[in-house]
2 protein chains.
Amino acid sequence: MLLHLEFESNIPIYKQISNQIVVGIAKGDLVEGEELPSVRQMASDIGINMHTVNKAYGILKQAGWVTIHRKKGVLVSTNLKAQEDYLFLGALRDLLEVSIAEAFLRGIKKCEFTKLIEEKYNEFEGGIS
Amino acid sequence: MLLHLEFESNIPIYKQISNQIVVGIAKGDLVEGEELPSVRQMASDIGINMHTVNKAYGILKQAGWVTIHRKKGVLVSTNLKAQEDYLFLGALRDLLEVSIAEAFLRGIKKCEFTKLIEEKYNEFEGGIS
DNA sequence: CATCTGTTATATATATAGTATAACAGATAA
DNA sequence: TTATCTGTTATACTATATATATAACAGATG
């Protein structure tokens, strides 16, 4: 899977990496058990420091998006750390509040917003159907 | 309008301030033309530095959420800087992609996600009805 | 005149992000 | 065994972001 990094972005590189891997899993570009490049390999490919990749992998490992074996290397996983739905949705609500407020005040209709959500969901659901 | 700041949050204070003011406008707690406290006053009330508030106001001014008059002070505005809907929605799409991917992989159903959006929209629409 | 306003400038302290170099222990292959 | 690769950890450095502190300026107000 190709990573598209923007080095002038205000989003940290390690966050861009971990984000795109999670999205890659949702899209089906990365499948359970698939091996990811080593920290040194990916760092070399991208042209960044090893520790930046290591931080991204550490975040993914922490959340359960990858498992790391001495033998097999870094493997894609969907064995997520348990988190109650209401906690996840609560955090999501907080995250979305400002964006929804801005959209509302800009005259974006409710259905336009939800349509955007549904389209992205379909991108993911299409990957496993 | 009361601000609820979390000083241990990873979200900068100035961002928490500007976010909550935008949400306050959407909820109808702040209305067009309403005067906001001066940078020194708000800083004093909250117990933070003047420049932190000034940075928040600067962001709001930049986007068009407030206008600043020598005479009248800092006024709530909804005279937003022109931005094409497709640009706003494109940025929104990027912002939501990871959250939607996570929700999808956690088994949150599409309708649960959109329901969350609709509920927040209703909070805002209720404020002006 | 005194006071308040937004704004700007400068300085400092701390945290974060990214890089650089090095080392360790486990696994792998020659 | 030797050599190489793995994730991991440690240390150090630079750059940037965040927040604070102090000061000053020009416009407006009473």
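Here the structure is a predicted model, which is why all the values come from computation and not from measurement. Within every chain, numbering begins at 1; the chains are lettered A, B, ... in the order of the sequence lines, protein sequences first and strands thereafter.
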Query raised in the report: Taking it one step at a time, do B:Leu3 and B:Met1 satisfy side-chain contact (heavy atoms from CB on, under 4.5 Å)?
Result: CA-CA 7 Å; B:Leu3 294 179; B:Met1 193 193 69; 3.6 Å; yes
Return the value, rounded to whole Å, for the distance between atom [atom1] of [X] and atom [atom2] of [N].
| X | N | atom1 | atom2 | answer |
| --- | --- | --- | --- | --- |
| A:Asn10 | D:dA15 | CG | C1' | 16 Å |
| B:Leu36 | C:dC4 | CG | P | 19 Å |
| B:Glu8 | C:dA15 | CD | P | 13 Å |
| A:Lys15 | C:dG18 | NZ | P | 12 Å |
| A:Gln62 | D:dT8 | CD | C1' | 15 Å |
| B:Met42 | C:dC4 | CE | P | 18 Å |
| A:Ile59 | C:dG18 | CD1 | P | 10 Å |
| A:Phe7 | C:dA17 | CZ | P | 16 Å |

Query raised in the report: side chain to side chain donor-acceptor pair (under 3.5 Å) with A:Glu112: which residues, sequence neighbours excluded?
Result: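 If we apply the side chain to side chain donor-acceptor pair (under 3.5 Å) test to A:Glu112, skipping adjacent residues, there are no hits.
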Report task. Kindly state which residues belonging to residues 69-80 of chain A come within less than 4.0 angstrom of DNA chain D, counting heavy atoms of the residue only, listed by number. Result ->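 Only A:Arg70, A:Val74 qualify.
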Report task. Give me the residues of residues 46-56 of chain A where at least one heavy atom lies under 4.0 Å from an atom of DNA chain D, by number, or none. Result ->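 The stretch gives A:Met50, A:His51, A:Asn54 as the residues lying under 4.0 Å from the strand, ordered by number.
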Report task. May I ask you to check whether over 12 heavy atoms, not counting those of B:Lys71, lie within 6.0 Å of atom NZ? Result ->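 Counting other residues, nucleotides and ligands, NZ of B:Lys71 stays at 12 neighbours or fewer.
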Query raised in the report: Counting only heavy atoms not in B:Lys81, do more than 12 fall under 6.0 Å of its NZ?
Result: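 Count over threshold, so yes.
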For residues 84-99 of chain B, which side-chain donor-acceptor pairs fall under 3.5 Å, sequence neighbours excluded?
residue: B:Arg93; atom: NH1; partner: A:Glu119; partner atom: OE1; Å: 3.3
residue: B:Glu97; atom: OE2; partner: A:Lys120; partner atom: NZ; Å: 3.1

Does the side chain of [X] get closer than 4.0 angstrom to OP1 or OP2 of [N] through an N or O atom?
| X | N | result |
| --- | --- | --- |
| B:Tyr57 | C:dG6 | no |
| A:Ser38 | D:dT6 | yes |
| B:Tyr14 | D:dT18 | yes |

Requested in this report: Show your reasoning for whether side-chain contact (heavy atoms from CB on, under 4.5 Å) applies to B:Glu6 and B:Gln16.
Outcome: CA-CA 8 Å; B:Glu6 299 177 9; B:Gln16 294 185 44; 4.1 Å; yes
Requested in this report: List the atom of B:Arg106, the atom of A:Leu80, and the distance in Å for their closest heavy-atom pair.
Outcome: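 Distance-wise, the nearest heavy atoms are CG-CD1, 3.7 Å.
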Check residues 51-69 of chain A and write down every donor-acceptor pair under 3.5 Å in which the side-chain atom is one partner and the other belongs to a residue at least two apart or another chain.
residue: A:His51; atom: ND1; partner: A:Asn49; partner atom: OD1; Å: 2.9
residue: A:Tyr57; atom: OH; partner: A:Pro37; partner atom: O; Å: 2.6

Query raised in the report: Between the two ends of the helix from C:dG6-D:dC25 to C:dC24-D:dG7, what is the bend in degrees, rounded to 10 degrees, where each end axis spans five pairs?
Result: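 Axis angle across the helix from C:dG6-D:dC25 to C:dC24-D:dG7, nearest 10°: 30°.
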Report task. To the nearest 0.5 angstrom, please state how far the CG atom of A:Leu5 sits from the CD1 atom of A:Ile46. Result ->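 If we round to the nearest 0.5 Å, A:Leu5:CG and A:Ile46:CD1 are 5.0 Å apart.
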Query raised in the report: Can you tell me how far the NZ atom of B:Lys109 sits from the OG1 atom of B:Thr114, to the nearest 0.5 Å?
Result: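 Interatomic distance, B:Lys109 NZ to B:Thr114 OG1, rounded to 0.5 Å: 13.0 Å.
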Query raised in the report: With a non-hydrogen cut-off below 4.0 angstrom, is B:Lys61 in contact with a base, only sugar-phosphate, or nothing?
Result: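 Touches sugar-phosphate only.
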Requested in this report: Decide yes or no, distance alone: a donor-acceptor N/O pair under 3.5 angstrom between the base of C:dT7 and the side-chain of B:Arg40.
Outcome: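 Per atom types, the contact qualifies.
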**Report entry** Cluster link B:Ile21 to B:Phe7, ILVMFWY, side chain under 4.5 Å
**Finding:**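 Cluster IDs for B:Ile21 and B:Phe7 match.
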Query raised in the report: Do B:Glu118 and B:Asn122 have side-chain N/O donor and acceptor atoms under 3.5 Å apart?
Result: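 No pair is found: no donor N or O on one side chain lies under 3.5 Å from an acceptor on the other.
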